Amino acid sequence: RVIVGTKVDQNHVNWVTAYNMLTGIRFTVSRINAKFDRELTPADFEAKHKFSFDITGNELTPSAKYDFKFKDYAPWVFRHLRAKFRLDPADYLMSLTSKYILSELGSPGKSGSFFYFSRDYKYIIKTIHHSEHKLLRRILPEYYKHVEQNPNTLISQFYGLHRVKMAYGRKIHFVVMNNLFPPHRDIHETFDLKGSTVGRDLREEDLEKNPRATLKDLNWLRRNRRLECGPDKREVFIAQLRRDVELLQRLKIMDYSLLVGIHDMSRGNEEKLRDKTLQVFQPGGDREEEAPEMLMRTPSKLENERKARELRMLIKKERPVPLDQAAAKMPDEILDERKFHIFYSDDGGFRATHENGAAGQEIYYLGIIDCLTHYGMLKKMEHFFKGISQDRTQISPIPPEGYGDRFIKFVTGITMSKEEAERHREAQDAE
Ligand code: ATP
Ligand code: CA
Ligand code: CA
């Protein structure tokens, strides 16, 4: 079934939640970015700040439409992370400002998480389980160090960790992260790859019903697909992947995937031009079909620039203290943070390259996602029960060491050239 982002407007069941999330982000991000920059201290990683919002407002928080509580975690660390990922503070705020409505991607799936896109589709808000929240807080120093040492890391870029609680409501933890897929390109095929083969299959009938459904490992193998990188890019890509997976293994994390979105340049953007459809994807399991008229439009670059200017002026009015240097960038640089990342620099992605170095017809948009699952009690039990009836090395929940090794092996395998794969197979047969 097709899933399309649903506009979250005043009539949407999650309007108040989404509104409060955005109000909280806007307030806490402008608050921290208004301060003079300084070095991080160990205490910054543990920091949390609580704010109460209500209709009247108080000396700390401005008035808001609804009553809610908002918690901001490690604001200094995330400010520095955003700078490392080269986000422009004003652009970030503009994308997530509550005036511009989000779109929601489907209702809870297997994991129960909700996904929201920022209006310009650059950012994703994902609600996360309490255990994932605790994990992210615990690994934050290691994650930070990794990003510092690996500017081209493929692991999800986290821009903020927050919690919202409505009057009489439950606590909702959420992260803001990068949308791997670009707003301006059709994604013709999407794969979520783990390197596990048990149950990692989307039925081909389901794909007929929803041509944009996310495919899995077995679909990839059945199609004889390869990630064509050419020898040079492959080396860089695999080296980065290894470093990323080493970190995840060390942190005892598993269940993550390599998300691969493929834009076929020969097919171009015909679908998007026709109906302004943005990319569609399917988190977790099956979701309801949404009405196409609910789709959001991508604002034009000019519109974006105008809003960035407006917002910058607004921030200046609210906070007399100067913003980051980054905020002084020229407007036409605002959308270009991706060009600094090796794997996101060809039109926001990674251009396919043939073995002889010639450019291919496809652009890959890829990254390691869903990397906040700790191999704890629940996953251990799942491993035990799934392993009774199935090959224990092929099921998805296995301990982090083996999970990472299998993941690397799979991805290395799919980036090999045909000849190399052949040689590899012969060598294995000979053993
Ligand atoms: P589960 O735990 O059941 O696998 P989940 O709710 O934790 O699901 P994820 O695995 O994080 O969800 O993501 C589900 C799908 O959402 C992915 O397969 C992908 O299609 C999409 N998605 C997730 N993160 C991103 C991202 N950063 N950019 C683009 N698409 C994403
Ligand atoms: Ca997942
Ligand atoms: Ca998950």
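Both counts, for ligands and for their atoms, begin at 1 and track the order of listing. Quick note: numbers below take in every heavy atom, side chains included, and nothing from hydrogens, waters or symmetry partners. None of these values were measured; they are calculated from a predicted model.
- Rounding to the nearest 0.5 Å places CG of L218 at 4.5 Å from CG of D201.
- L40 contributes atom CG, which lies 4.5 Å from atom NE2 of H80 (distance to the nearest 0.5 angstrom).
- To the nearest 0.5 angstrom, D255 atom CG is 9.0 Å from S196 atom OG.
- Residue I124 touches ligand 1 through its side chain alone, judged by heavy-atom distances below 4.0 Å.
- Between N178, I369, N179, it is N178 that holds the heavy atom closest to atom 27 (N) of ligand 1.
- The T214 neighbourhood of ligand 1 comprises atoms 20 (O), with distances under 4.0 Å to a heavy atom of that residue.
- To the nearest 0.5 Å, the span separating CD on E420 from CZ on R226 amounts to 9.0 Å.
- In terms of polar-atom proximity, defined here as any N/O pair under 3.5 Å, E132 makes no such contact with ligand 1.
- Residue D370 counts as close to the Ca ion (ligand 3), with an N, O or S atom under 3.0 Å.
- Taking the six-membered ring for Trp, Y73 and F78 have ring centres at least 6.0 Å apart.
- At under 3.5 Å, not a single nitrogen or oxygen of M177, backbone or side chain, sits near a nitrogen or oxygen of ligand 1.
- Considering backbone and side-chain N/O atoms, D370 comes within less than 3.5 Å of an N/O atom of ligand 1.
- Note: F70 and F51 fail the aromatic proximity criterion, with ring centroids not under 6.0 Å apart.
- For Y159 and Y123, the distance between ring centers is under 6.0 angstrom.
- With a 4.0 Å cut-off on non-hydrogen atoms, D255 does not touch ligand 1 at all.
- Which parts of ligand 1 touch S113 is read off a 4.0 Å heavy-atom cut-off, strictly below it: atoms 6 (O).
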**OP:** I would like to know whether Y144 and Q149 meet side-chain contact (heavy atoms from CB on, under 4.5 Å); could you show each step before the answer?
**Re:** CA-CA 9 Å; Y144 185 86; Q149 293 166 353; over 6 Å; no
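- Heavy-atom contacts of K126 reach the following atoms of ligand 1: 5 (P), 7 (O), 9 (P), 11 (O), 12 (O) (cutoff under 4.0 Å).
- Within the structure, the closest approach of F115 to ligand 1 falls below 4.0 Å when heavy atoms are considered.
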